[in-house]
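The block underneath contains the structure these notes are about, expressed in structure tokens.
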Amino acid sequence: MNQDYIKPDNWSIIEEGFDRESVKSSESLFSIGNGAMGQRANFEENYTGETFQGSYIAGIYYPDKTKVGWWKNGYPKYFAKVLNAPNWIGINIEINGEDFDLNTCTEVKDFRRELNMKEGWYHRSFQATLKNGTEIAVDIRRFLSLNLDEVGVINYEITPLNKDAKIIYKPYIDAGVTNEDANWEEKFWEPLDVKKSGNEAYVTAQTFKTHFKVTTFMQNTIFAKGEKQNLSPTSVDTISDKILFYYDVIVAKGEKSAIQKIGGYTVSLNHSDTISAAENVVQAALAKGYDQLLQDQIDAWSKIWEMSDITIDGDVKAQQGIRFNIFQLNQTYLGKDSRLNIGPKGFTGEKYGGSTYWDTEAYCIPFYMATKDQQVARNLLTYRYNQLDKAIENAEQNLGFKDGAALYPMVTMNGEECHNEWEITHEEIHRNGAIAFAIYNYYRFTGDYSYIPEKGLEVLIGIARFWHQRASFSKNKNQYMILGVTGPNEYENNINNNFYTNYIAKWCIDYAYEQIQKVSLEYPSDHKRIMEKVKLSDTELKEWNKVAGNMYFPRSEEIGIYLQQDGFLDKDLVPVKDLDRSQRPINQKWSWDRVLRSPYIKQADVLQCFYFFEEHFSKEELERNFDFYESFTVHESSLSPCVHSIQAALLDKMDMAYAFYLRTSRLDLDDYNKEVEEGCHITSMAGTWMSIVEGFGGMRVKNDALHFSPKIPKEWGGYSFKINFRNQILKIAVDHNETKLSLEGSKELTVYVNGVPVLVQPNN
């Protein structure tokens, strides 16, 4: 049974009623971020119940030494951790001599949380009775500023309800934090300096090994009866990595008091002097004040939604789901800094480590290309170009490849491989193909070819060299094969000739060859520069083509499908519908050996190939493969339902497409995989966007033009979305009777709807 305590709402995520069992799940679902930092929705006040404390800073990580495998040649020695950053949100509270703690209160009523996605703030309110009999009403609002992205703001209000109260606010900042998943239970932060001035405090610490320096800051203002109080701390506790202020306030029954806390981080990635930078940031925030900071936040989110919103009529849960996905994607990455990328948990948790998986190229880039300026997607491609040397080093030192062959890491922070599972690190090599495909996809959508001669061609050459060297020739079949791999379906390890891997390997070589020829003709100076740098000969190119032209693809002629791998039909092919529900999810119920021997598929694998290269196959081929493989797919990867939704829509299986859409859009809200307390599935959220735009909207780019084949679930009255296609904003609105197109821009645009050309005039 999936969780269902989140209240349906078009623009907000809402929880009503205090349930200790859902605290950690809600900490994930109500997370906030601004692209530069983020945090789980932990309580500001002390909480002694089950909780997962987490604040995170983009680009800050720690190389945690792995516990297994590091003694083997080529095995990553560390797993890069997304670091739990110093805590700035903490406000311990004492009321009439008792520490306030929701876990120990005798009664908590009218508890309500709201994550307002339209305006970008998190709110919590409730009434509580402490063990000493004091009854209070509490109202808290928190947000991370999009405009001042080093700043977060908390407004924490308390009203005594049944008696006067002496309230002691104890705001603090604490660098003595640990990670939930630390391998060796060690601390990652070394304290350097603690500084205070009036109502401001600064704790500076740096990470061990990587030496990222971070100054965590706070500034506190006390209010009573709606008026600012010129209070200084009555006392201060200071240790090497923590500072805590005390503010004593006498509050009459029925009167409101509050603390406004400004906090956040300045980091050495952006500042040479993080303390001075923090002082400047505090002054900038104070100059604006709480009300203006909140209004700026509302205005900034309004601009984001103006372009990225998807509307759905008549289905609140579907509407809430897509907006939650879009909101989290924008909280995680805004494209301002090409040094940053999109981690699978974003700022909502620590699982999986790393900041970059193949998810970025396969799922996220389409969302950012279509909803923002194309420079944002180009920054994501530049991130990979900047790490090409590390990818070449990885292939050479860990796999023995040569001559500039590049294997991009499965998980990385700085270009080095930092995934600690052998069957993933060395076998899930298909990630190389997604990076090459993203370059192709970027050019196809934006029309900006300049990235390829400037940067992309070098990446394509390194990847093509890898595939050329990774393939082996079978005298038995007289074809080239790729052995010992793990495909997108991670429920099969160390298998031979994964169809998706073999297919994308061939495509990568062919595409790299085509781009070399194109750059040679159209950008001769770039071609000369690159060829001198990579030392690519005609002899090597002929060897590439020999491999690509004779690649083996496993296939069953009897049932007319491509085989996920050579031995797939040798398994006990019991479909998922005949699997006892008590055995699901199998990754939590079965041994790994049993999973690997089963026919069950974690996520789209053969169908991932049909998604990327749809134009290479007939609709009849897709249907045969879809019907066969979907029957064995358990969708225990967050990346699976979106691909199946898109393809079900293409095949006119609309009930199935809608069901998969709900699963991908509400994967975390309804906790389909029973793991949301570990964090949200950020990168799959981009797939949710694709399931509407590419699935129901049928958007494709063919021959430099936008094509749509709109369909609509029977559960919806209509839906709409916007696309930034080559610097022109096109809005598509679909209902059961018609499709409407409108264009913002300066020139007309020809769009194809169900194959028919439609000339769309600006502002008409």
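Side chains are part of it too, since the values below use all heavy atoms of this structure and drop only hydrogens, waters and symmetry mates. Note that this is a predicted model, so its numbers are computed, not measured.
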Tell me whether the count of non-hydrogen atoms from other residues, nucleotides or ligands lying under 6.0 Å of NZ in Lys213 goes above 12.
no
For Lys528, is the NZ atom crowded, meaning more than 12 foreign heavy atoms sit under 6.0 Å from it?
no
Close side-chain approach of [X] and [Y], heavy atoms under 4.5 Å:
| X | Y | answer |
| --- | --- | --- |
| Met531 | Lys535 | no |
| Tyr451 | Thr382 | yes |
| Ser450 | Arg378 | yes |
| Leu743 | Gln728 | yes |

Distance only, no hydrogens: is a donor on one side chain within 3.5 Å (strictly under) of an acceptor on the other, for [X] and [Y]?
| X | Y | answer |
| --- | --- | --- |
| Tyr265 | Thr215 | no |
| Gln374 | Tyr368 | no |
| Asn497 | Asn502 | yes |
| Asp605 | Asn498 | yes |
| Asn414 | Tyr61 | yes |
| Asn379 | Ser338 | no |
| Tyr385 | Glu454 | no |

Any ion pair linking [Y] and [X] (charged N to carboxylate O, less than 4.0 Å)?
| X | Y | value |
| --- | --- | --- |
| Lys402 | Glu396 | no |
| Asp704 | Arg726 | yes |
| Arg465 | Glu540 | yes |
| Arg700 | Glu614 | yes |
| Lys506 | Asp510 | yes |
| Lys602 | Glu492 | no |
| Arg384 | Glu361 | yes |
| Lys518 | Glu514 | no |

Worked verdict on Phe208 versus Tyr62 for ring-ring contact (aromatic ring centres under 6.0 Å, His included):
CA-CA 7 Å; Phe208 291 103; Tyr62 179 86; 7.3 Å; no
If you apply the rule side-chain contact (heavy atoms from CB on, under 4.5 Å), what do you find for Trp189 with Val214, and how did you get there?
CA-CA 10 Å; Trp189 293 95; Val214 172; 3.7 Å; yes
[atom2] on [Y] to [atom1] on [X], rounded to 0.5 Å:
| X | Y | atom1 | atom2 | value |
| --- | --- | --- | --- | --- |
| Asp448 | Tyr443 | CG | OH | 9.5 Å |
| Gln328 | Met685 | CD | CE | 5.0 Å |
| Lys372 | Ile304 | NZ | CD1 | 5.0 Å |

Taking the ring of Phe212 and the ring of Phe188, is the distance between their centroids below 6.0 Å?
no
Flag the pair Phe466 / Tyr408 as yes when their ring centroid distance falls below 6.0 Å, and as no otherwise.
no
Using the side-chain contact (heavy atoms from CB on, under 4.5 Å) rule, take Tyr752 and Leu706 through it: C-alpha gap first, then chi angles, then the decisive distance, then the call.
CA-CA 6 Å; Tyr752 291 79; Leu706 275 177; over 6 Å; no
Holding to side-chain contact (heavy atoms from CB on, under 4.5 Å), I want the full list of residues that pass it with Lys546, two or more places apart in sequence or in another chain.
Tyr480, Glu543
The residue among Thr486, Ile482, Ile504 that forms side-chain contact (heavy atoms from CB on, under 4.5 Å) with Ile429 is Ile482
What's the verdict on side-chain contact (heavy atoms from CB on, under 4.5 Å) for Thr371 and Asn724, showing C-alpha distance, side-chain angles and the deciding distance?
CA-CA 6 Å; Thr371 65; Asn724 182 356; over 6 Å; no
Partner of Phe553 under ring pair (Phe, Tyr, Trp, His ring centres under 6.0 Å), chosen from Phe617, Trp507, Tyr503, Tyr562:
Tyr503
Assign the ring pair Tyr363 / Trp358 to parallel, tilted or perpendicular, where the plane angle (0 to 90°) is split at 30° and 60°.
perpendicular
Which heavy-atom pair separates Ala406 from Ile392 by the least distance, and what is that distance?
CB-CG1, 3.8 Å
Criterion side-chain contact (heavy atoms from CB on, under 4.5 Å) on Ile365 and Leu381, from CA distance to verdict:
CA-CA 9 Å; Ile365 279 181; Leu381 297 180; 3.7 Å; yes
